[in-house]
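See structure below.
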Amino acid sequence: MRVEDLKRVQIECAKKVVQEDDFGKIETVGGMDLTFEKIDENPTRAWASLVVIELKTLRPIYNLVVEDEVSFPYIPTFLAFREMPLLLKLYEKAAVKPDVYFIDGQGVAHPRGCGIASHFGVETGEVSVGVAKTKLFGHYREPGSRRGSFTYLRHRDRIIGAVVRTKDNTQPVFVSVGHRISLKTAIDLVLKTSKFRIPEPTRLAHNLLQKVRRESLF
DNA sequence: GCGACAG
DNA sequence: ATCTTGTCGC
């Protein structure tokens, strides 16, 4: 498949993204993450995990890990084509579906308006939020150093996301709308689920994978 | 042409 | 993303 075709898919995906709250209550939040056996090899073995927490207590109520081979390379702005297959496999096997999904990466804060979080939301029809550790696209002013402060990520005076401080004196995270949720609610949800820098759903999903990867080693 | 560039 | 010990700060 050519790069032009992939761009086409993202442009079509962007048209389907819903950037307003479109759900009932949010009582559970899920975090998805991936880890690779060898980042410098292609294809390579990879694992994906889903951890669902209860919003009220921030305690995990469900875990799941799936494994598969990934062959598509990592190319900036085309992350979804590398990780989506495994995320969908994880989604299909999940016995517990959270009310919203936190995905590692950008949502609409993407050159063509459809980062992996939006791609996942649009393809599954689920509510999703993009939570990234670094920026991919847009400009911003550094937010205040205290937990809770944030600034907006912009692209030509258009707000595409937010740079949120989830912990005092720590690097912020980049939050953007995935699908069926407003940026305001997404920011609020990320802050409500953060005890440390990374929101609990994502942090726990990541920790679970490190453990699985370590054990699948020797 | 140059710099930027999720995981 | 992954390779990796100690070390500095709250």
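Chain letters run A, B, ... following the sequence lines, proteins first and then strands; every chain starts at 1.
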A/Thr134 vs B/dG7: side-chain N/O to OP1/OP2 distance below 4.0 Å: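 Answer is yes, contact under 4.0 Å.
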Phosphate OP1/OP2 of B/dG7: any A/Lys133 side-chain N/O under 4.0 Å: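 Answer is yes, contact under 4.0 Å.
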Sugar-phosphate only, base, or nothing, as touched by A/Glu37 at under 4.0 Å among non-hydrogen atoms: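 No contact at all - A/Glu37 keeps every heavy atom at 4.0 Å or more from the nucleic acid.
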Touch class at under 4.0 angstrom, heavy-atom based, for A/Phe78 against every strand present: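 Touches a base.
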Expressed in angstrom and rounded to an integer, what is the separation of [X] atom [atom1] from [N] atom [atom2]?
| X | N | atom1 | atom2 | answer |
| --- | --- | --- | --- | --- |
| A/Lys38 | C/dA1 | NZ | P | 16 Å |
| A/Arg203 | C/dA1 | CZ | P | 15 Å |
| A/Phe81 | B/dG7 | CZ | P | 18 Å |
| A/Glu83 | C/dA1 | CD | P | 10 Å |

Heavy-atom pair with the smallest gap, counting every atom of A/Ala46 and A/Phe36: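 Closest pair (atom of A/Ala46, atom of A/Phe36, distance): CB-CD2, 3.7 Å.
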Under 3.5 Å: donor-acceptor pair, side chain of A/Lys211, backbone of A/Arg214: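 No; judged by distance alone, with no hydrogens or angles, the pair does not exist.
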A/Asn42 side-chain N/O to A/Ser71 backbone N/O, donor-acceptor pair under 3.5 Å: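 A pair under 3.5 Å: yes.
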Contiguous pairing runs of three or more, Watson-Crick or G-U under 3.5 Å, that involve DNA chain C: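 Result, WC/G-U stems under 3.5 Å: none.
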Step-by-step ring pair (Phe, Tyr, Trp, His ring centres under 6.0 Å) determination, A/Tyr101 to A/Phe120: CA-CA 9 Å; A/Tyr101 292 79; A/Phe120 176 84; 5.2 Å; yes
A/Tyr91 six-ring centre to A/Lys97 NZ/CZ under 6.0 Å and within 45° of normal: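 Yes, A/Lys97 and A/Tyr91 form such a contact.
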Review item, side-chain donor-acceptor pairs of residues 50-57 of chain A, under 3.5 Å, at least two apart:
residue: A/Glu54; atom: OE1; partner: A/Thr57; partner atom: OG1; Å: 2.7
residue: A/Thr57; atom: OG1; partner: A/Arg59; partner atom: N; Å: 3.2

Per-nucleotide protein contact string for nucleotides 5-10 of chain C, where B marks a base within reach and S marks sugar-phosphate only (heavy atoms under 4.0 Å, - for neither): ------
ring centroid sep under 5.5 Å plus plane angle under 30, A/Phe36 with C/dA1: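 Given the distance and angle limits, no, they do not stack.
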Partner residues of A/Arg45 under the salt bridge (charged side-chain N to carboxylate O under 4.0 Å, His left out) criterion, sequence neighbours left out: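 Only A/Glu67, A/Glu69 meet the salt bridge (charged side-chain N to carboxylate O under 4.0 Å, His left out) criterion with A/Arg45.
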Sorted by number, the residues of residues 97-129 of chain A with heavy-atom contact under 4.0 Å to DNA chain B: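 Listed by number, they are A/Gly105, A/Gln106, A/His110, A/Gly115, A/Ile116.
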Any side-chain donor near an acceptor of the partner, A/Ser145 and A/Arg165, under 3.5 Å: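 Result is no, nothing qualifies.
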Base-paired stems that DNA chain B participates in, counting runs of 3 or more Watson-Crick or G-U pairs under 3.5 Å: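 None - DNA chain B has no stem of 3 or more consecutive pairs.
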